[in-house]
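All values derive from a computational prediction rather than experimental measurement. For ligands, and for the atoms within them, numbers begin at 1 and follow the listed sequence.
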Amino acid sequence: MTGPRPRAVIAVPLAPSLLDQLSDFDLSVVPAGRSDDAFETAMSDAEGLLVSSHVPVDRAVMTAAPKLRVISTMSVGVDHIDLEAARARQVMVTITPVLSDAVADLVMALITMLSRRIPERMRAVADGEWSDHPLGGDLAGKVLLIVGLGRIGQAVAARASAAKMLVRYVDSRDDVPGAAGVERVGGLAEGLREADFVSVHVDLNAATRHLMGAEELALMKPTAFLVNASRGGVVDQTALVRALGDGEIAGAGLDVLEDEPPHPDEPLLKAPNVIIVPHIGSATTETRHAMAQCAVGNLIKGLRAEESPFAVS
Ligand code: DGY
């Protein structure tokens, strides 16, 4: 490489072996958000930026980085990035779609925990009780509605079909490929009325914010469970607290919340029959390593002005 080496800001912790792969570039390793001066200063001559979903990349960050050409995010979600600003500036944005299995495993764990009442039974054992009642429910024969049959939705469908669930889906896109044995339903309302479990797998954007609101929750059966491992904002949390409290639905399994971490007074934390885990869908050693490797590969491609199959803008 002749001339000055392109500079990139690395705003997530990376293993030394991954940093070595970036030795053609000048790196500023600044784990940060935009309130941090060091981050803004480093961005002033950065051509590349590597972030995770915890680092907001809004218009102000992009304005602070006039030379920026690529934002490589170590996530599949891009709701932390102002995509419109990136497109206007022709900044390439890349994602790491290598986490579907890990997220789908977690979704099935939440579904199983809810249906077999595992948290409740665990609490009872800890309180000195040893009883197999009240009984849980089988997964076989139960209807699972997948809202959004993208990569993760398909991975959930495969697992649920193996568990002999009756898998249905809705998707706002006409051109989703579908999956063997998975039936498309006419619309969200129809799907919600029939489902025993609803699992949400959509991006968070203006069209999907509060997609699961009071009206949608009211359509679900009182025996049905909601699972969300996409983004907290897809579910109206206030409506969910009410639906759980009123017994409008039987329970919820959540990997994501509208605010992460939640305020200690967040009512959902005390709602009945809710399982909340701290955004751990992709949190396995293998998957996080694959995501970091993919993000580094994407950053290199962007800095070399090459195409990436994982570019979303
Ligand atoms: C993703 O990749 O979007 C996961 O939710 C981790 O942030």
Q) Have S199 and H201 got a donor and an acceptor in their side chains that come within less than 3.5 Å? A) yes

Q.
Would you call the rings of H279 and H54 parallel, tilted or perpendicular, taking 30° and 60° as the class edges?
A. perpendicular

(Q) Considering non-hydrogen atoms of the protein only, which is the closest contact for atom 7 (O) of ligand 1, and what is the distance? (A) S53 OG, 2.8 Å

Q. In the protein, what heavy atom is nearest to atom 6 (C) of ligand 1, and what distance, to one decimal place, separates them?
A. H279 NE2, 3.6 Å

Q. Hey, does H54 sit under 4.0 Å from ligand 1 if you only count heavy atoms?
A. no

Q: Look only at the side chain of S72 and the backbone of A295, and say whether a donor-acceptor pair between them is shorter than 3.5 Å.
A: yes

Q. Where does S75 meet ligand 1, judged by heavy-atom distances below 4.0 Å: at the side chain, the backbone, both, or neither?
A. both

Q. Under 3.5 Å, side chain of N228 to main-chain N/O of R231, donor-acceptor pair present?
A. yes

Q. Just distances here: any N/O of M74 and N/O of ligand 1 closer than 3.5 Å?
A. no

Q) Do any N/O atoms on S230 end up under 3.5 angstrom from N/O atoms on ligand 1? A) no

(Q) Test of understanding: given a 4.0 Å heavy-atom threshold, classify the contact between L99 and ligand 1 as side chain, backbone, both, or neither. (A) side chain

(Q) If only side-chain N and O atoms count, and only distance matters, is there a donor-acceptor pair under 3.5 Å linking H210 with Q237? (A) no

Q | Donor-acceptor under 3.5 Å (Q154 side chain, R151 main chain) | A | no

(Q) How far is atom 2 (O) of ligand 1 from the closest protein heavy atom, and which atom is that? (A) V76 N, 2.6 Å

